[in-house]
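Reading through the structure tokens given below for one structure.
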There are 2 protein chains.
Amino acid sequence: MALRHAVLAALLDEELSGYQLAKAFDLGVANFWHALPQQLYTELTRLEKEGLVAGREVVQDARPNKRLFRVTADGLAALERFAAESAKPSFIRDDLLVKIQAADHLDADVLIARLAERERFAEAKIELFGGLLRQMRGDRDEAEFLRHGERIGPYLTCLRGLAFERENRDWCRRSAEILHARRHTSRDAAPDTTSPSSSSPARSRP
Amino acid sequence: MALRHAVLAALLDEELSGYQLAKAFDLGVANFWHALPQQLYTELTRLEKEGLVAGREVVQDARPNKRLFRVTADGLAALERFAAESAKPSFIRDDLLVKIQAADHLDADVLIARLAERERFAEAKIELFGGLLRQMRGDRDEAEFLRHGERIGPYLTCLRGLAFERENRDWCRRSAEILHARRHTSRDAAPDTTSPSSSSPARSRP
DNA sequence: TCTGACTACTCACTTTCTTGAGTATCATGC
DNA sequence: GCATGATACTCAAGAAAGTGAGTAGTCAGA
């Protein structure tokens, strides 16, 4: 039971439907919590049953009706209790890192391709977060906004996400370069007049 | 089924027992994959049944016997197939970020305490990773090691972990400072001569 | 000699997550 | 006029992950 707190936190500043919440989890919230739409609907139902959020039906004619949820006083109290507990270390699972861990036993080209994919992804995230941050702080400069702005929680978490993706991008780039350089390592000293095929340390398997 | 690949990757360079593997998952591997001992034992059993790892009994007299596992050719092939798939975006879940997301609605002192805890934790990790990296590269300097060292996979993932924890530490420090500064915001400086008690942005609740 | 910590695992149970499919309406473009 | 994609959800089944308790011997220190 931890998704629930992420949902409560995401719902604090605006009333959202399950669908909108799912969108939010695809954008900003995804930096520190990942969940599929189905989980969110399930969790919202549970939270409503326990009185931590309250939903209200909104009838629409151009689209299907929806239910908007807001956090109740009990919900806020639950978040407060949660904040008082000392936080668990952040929980990461990364396929890509698993692959790179095995780098010495796998084909370098394949890994370089994976690193390039991730680098592009990180770049897109960086753009996205940059935009979100600009939007949140409006015309103020960052220091001023952080000193006197009204809603800095989402801004701070977004800053963390941005830093994370920047590190990601840089690490991907650097790692790919290293793997690339090692493929040509057997022949020369000054970098690379590219070799034809075999006999490299990071082998391309038979 | 994803833990299995993390296990295979961790087992590539050395033969380990379930117990030792659990230790490894508490140190380096924990950066990109987290798992409890029970899960590892379960996974090892499954992997052995499928022939992706091979175990052998080692009789000890001073301690309980143990089973050491190594990756088989099939296991390596499975890893290769895994590496060929494009990696999912990294999966993060962080309690602390959830709490900070809700910062505008929670007690600032509580959050500052959480940030301080995490900062200390990150600091410890930084030390740990620094040590692991030194150990892996021995007396070589980093660039040289990355160019010609034999086992750079674990080194690269450890570098990622180090960068992550550094960012973590810096972000915690900065965020705590910001939250701290805002508590005193009603009194001083250029903008804002506002009110005495109520209506401060980061309120300490009743 | 008793306590607690370390090595080395196992079993059973529950919760959570993921996958896949399905429903229904409206707007847009080709 | 038909496919598509967006809005807005629901349900069911299965895989994966997490929790709690238990076993059993060794060693070091109080």
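Side-chain atoms are counted along with the backbone in the values below, which use heavy atoms only and exclude waters and symmetry mates. These figures come from a predicted structure and were not determined experimentally. Numbered from 1 within each chain, the chains take letters A, B, ... in sequence-line order.
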Walking DNA chain C from its 5' end, the first of A:R63 and A:E43 to be reached, judged by nearest nucleotide, is A:E43
Of B:K88 and B:N65, the one whose closest nucleotide on DNA chain C sits nearer the 5' end is B:N65
Within less than 4.0 Å of OP1 or OP2 of [N], is there a side-chain N or O belonging to [X]?
X: B:R93; N: D:dA17; value: no
X: A:H34; N: C:dT18; value: yes
X: B:Q38; N: D:dT19; value: no
X: A:Y19; N: D:dT7; value: yes
X: A:S17; N: D:dT7; value: no
X: B:Q60; N: C:dA8; value: yes
X: A:Y41; N: D:dT10; value: no
X: B:K23; N: C:dT7; value: yes

Residues passing the side-chain hydrogen bond (donor to acceptor under 3.5 Å, both in side chains) test with A:N31, sequence neighbours excluded, are none
side-chain hydrogen bond (donor to acceptor under 3.5 Å, both in side chains) filter on B:E117, not counting sequence neighbours, yields B:R114
Residues A:R4 and A:E50 bridged, charged N to O under 4.0 Å:
yes
Salt bridge check: are A:E57 and A:K66 linked by an N-O gap of less than 4.0 Å? no
Closest of C:dT18, C:dA24, D:dT19 to the B:L36 side chain is D:dT19
